[in-house]
Amino acid sequence: LLRWNEVRYSKKGLPPGTMGWPIFGETTEFLKQGPNFMKSQRARYGSIFKSHILGCPTIVCMDPEVNRYVLMNESKGLVPGYPQSMLDILGKCNIAAVHGSAHKLMRAALLSVVSPTMIKDRLLPKVDEFMRSHLRNWDRQIIDIQDKTKEMALCSSLKQIAGIESGPLSESFIPEFFKLVLGTLSLPIDFPGTNYRQGIQARKIIIKLLQKLIDERRASKTEKDDMLGFFMSEENKYKLKDEEIIDQIITVLYSGYETVSTTSMMAVKFLHDHPKVLQQLREEHLAIREKKNPEDPIDWDDLKAMKFTRAVIFETSRLATIVNGVLRKTTKDMELNGFLIPKGWRIYVYTREINYDSFLYSEPLTFNPWRWLDKNLESHNYFFIFGGGTRQCPGKELGIAEISTFLHYFVTKYRWEEVGGDKLLKFPRVEAPSGFHIRVSSY
Ligand code: HEM
């Protein structure tokens with residue numbers, strides 16, 4: 001079978017590599033050995049090799065220059081290649097499901113609700129208010145910071161999107177959102193009880209809840225200063241249909257959920273392990289607090305002054321590798337770096353190893369936020385922490401604003417120690433399977 005499968009995919013011009021078993025391919029090796037599988041294949045076949053993972057014939061690309069090319073050249077037939085379950089559950093107007101001019105429109109509309117002006121005037125005040133109340137009463141508690149940062153990412157988004165705070169709406173929304181997330185990561189098997197079916201049902205409920213909200217707002221003719229209010233506003237030049245607005249909202253919730261929460265959790269972990277970094281971070285935040293009354297919120301100028309915080313966030317994302325890479329697929333046969341890639345194949349733009357490249361980052365395994373202050377690393381050509389090219393993360397600054405505000409209140413109010421023994425998995429996702437527990441006390 002192994003041989004048959006190799007012959008089946010042995011088209012001339014394809015990169016070297018192995019295809020594993022029919023149907024399963026090399027998915028088990030990929031998930032079990034993770035980064036080591038990728039590194040050993042690279043050692044054997046070079047930075048571009050073929051494989052069969054997660055149900056598709058795939059070209060894994062670990063070459064920074066070629067990765068950059070793939071990200072910059074969507075128009076040449078390199079469109080997002082995310083799994084079917086994700087597309088079904090996130091909706092047909094979801095940004096990852098649209099290409100060309102439709103993508104341009106959806107992206108521009110999305111960028112307008114997370115623009116610097118929106119963050120400054122409308123979103124940051126909400127984030128600030130949310131973080132204050134979320135971090136209240138942690139004193140002398142043992143908390144699971146993984147749980148708390150997940151709740152934080154979701155509830156902070158709900159507040160920014162539609163002013164949704166604790167109450168009946170959030171109580172019906174949150175469990176459905178969790179089902180939706182699980183569904184997007186499952187095999188598309190539409191059978192009663194499967195995660196996929198539950199995800200599809202959760203999507204329907206979420207659509208109903210959001211549509212009701214839109215109808216109520218329209219009927220009451222009130223204009224709110226949140227993201228939904230901006231999408232619906234007369235002055236907004238992007239006139240989206242209701243179903244498009246709803247898919248945009250689901251996109252914002254989904255894209256900012258695991259990224260923001262995991263980065264925040266890992267920042268807490270690295271700060272705990274590196275007291276000098278924590279000390280400098282705390283000084284930055286105490287200096288901001290000193291100029292304010294206790295009740296004054298974090299504003300745009302404060303955010304801009306948080307230079308070291310930004311460096312801590314980048315260094316956390318780099319060292320923990322919150323995002324291993326992104327997926328594309330070919331819409332036609334094409335040539336890539338001298339190889340011929342058939343139509344419909346996945347391209348795994350695998351960026352993880354770039355984070356540990358000693359040419360870009362000296363002593364790459366050391367947690368050293370100062371490296372981001374010395375040089376302008378954020379604008380180098382292979383900075384892929386937030387993706388790149390036409391689909392570079394539109395929520396980057398909003399995500400950084402949220403994590404910075406969280407860190408502001410966390411490090412100025414509390415000190416903490418790990419309760420210990422909690423395991424952290426690094427691959428395929430950064431997570432603490434049994435939670436990540438810390439003992440918190442007031443500072
Ligand atoms: C630390 C936090 C974050 C990280 C590390 C991150 C990372 C990324 C990456 C790597 C991509 C590229 C995906 C691809 O090329 O297929 C991306 C795209 C995207 N991100 Fe983020 N993200 C973060 C926060 C957010 C937030 C808060 C939002 C909310 C608005 C958001 C919304 C999006 C959207 C909508 C896309 C797709 C853009 C497109 O297809 O044009 N992200 N993000």
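Please read all numbers here as calculations on a predicted model, not as lab measurements. Just follow the structure's listing: the first ligand is 1, and inside any ligand the first atom is 1.
Close to ligand 1: Leu110, with a non-hydrogen atom less than 4.0 angstrom away. Under a 4.0 angstrom heavy-atom cut-off, Arg328 registers as being in contact with ligand 1.
Scanning the protein for heavy atoms near atom 7 (C) of ligand 1, the closest one is Ile385 O, 3.9 Å. For atom 40 (O) of ligand 1, the nearest protein heavy atom (residue, atom name, distance) is Arg391 NH1, 2.9 Å. The protein heavy-atom contact nearest to atom 37 (C) of ligand 1 is Ile95 CG2, 3.7 Å. Looking from atom 13 (C) of ligand 1 to the surrounding protein, the closest heavy atom is Val326 CG1, 3.7 Å. Protein heavy atom closest to atom 16 (O) of ligand 1, with residue, atom name and distance, is Tyr82 OH, 2.6 Å.
With hydrogens and angles ignored, the 3.5 Å screen pairs a side-chain donor or acceptor of Glu284 with a backbone N or O of Thr309.
With hydrogens and angles left out, the side-chain atoms of Thr405 and Asp128 include no donor and acceptor closer than 3.5 Å. If you check the side chains of Asp88 and Tyr196, you find a donor sitting under 3.5 Å from an acceptor. Neither side chain, Ser133 nor Glu129, offers a donor N or O lying under 3.5 Å from an acceptor on the other.
Contact annotation for Arg107 and ligand 1: only side-chain heavy atoms (C-beta onward) come within less than 4.0 Å of the ligand.
Atoms of the protein (N, O or S only) found under 2.8 Å from atom 21 (Fe) of ligand 1 are Cys393 SG.
Salt bridge annotation for Lys76-Glu335: absent, with no cationic side-chain nitrogen under 4.0 angstrom from a carboxylate oxygen. Salt bridge Glu363/Arg371: absent, no basic N to carboxylate O contact under 4.0 Å.
The distance from ligand 1 to the heavy atoms of Thr263 drops below 4.0 Å at these ligand atoms: 1 (C). Ligand-side atoms of ligand 1 in range of His103: 39 (C), 40 (O), 41 (O), range being under 4.0 angstrom from any heavy atom.
With rounding to the nearest 0.5 Å, the separation of CG in Leu90 from CZ in Arg203 is 7.5 Å.
Counting only residues at least two apart or on different chains, the ring-ring contact (aromatic ring centres under 6.0 Å, His included) pairs with a member in residues 333-358 are Tyr9-Trp345, Tyr348-Tyr350.
Two rings, from Phe383 and Trp372, have their centers less than 6.0 Å apart.
When only interatomic distances are considered, the shortest N/O to N/O separation between Glu402 and ligand 1 does not fall below 3.5 Å.
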| field | Verdict with reasoning, Phe230 to Met118, per side-chain contact (heavy atoms from CB on, under 4.5 Å) | value | CA-CA 9 Å; Phe230 191 72; Met118 273 294 281; 3.9 Å; yes
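Across every non-hydrogen atom of Asp302 and Pro297, the tightest pair is OD2-O, 3.8 Å.
Other residues, nucleotides and ligands contribute over 12 non-hydrogen atoms within 6.0 Å of the NZ atom of Lys413.
The residue among Val252, Thr321, Thr251 with a heavy atom at the shortest distance from atom 29 (C) of ligand 1 is Val252.
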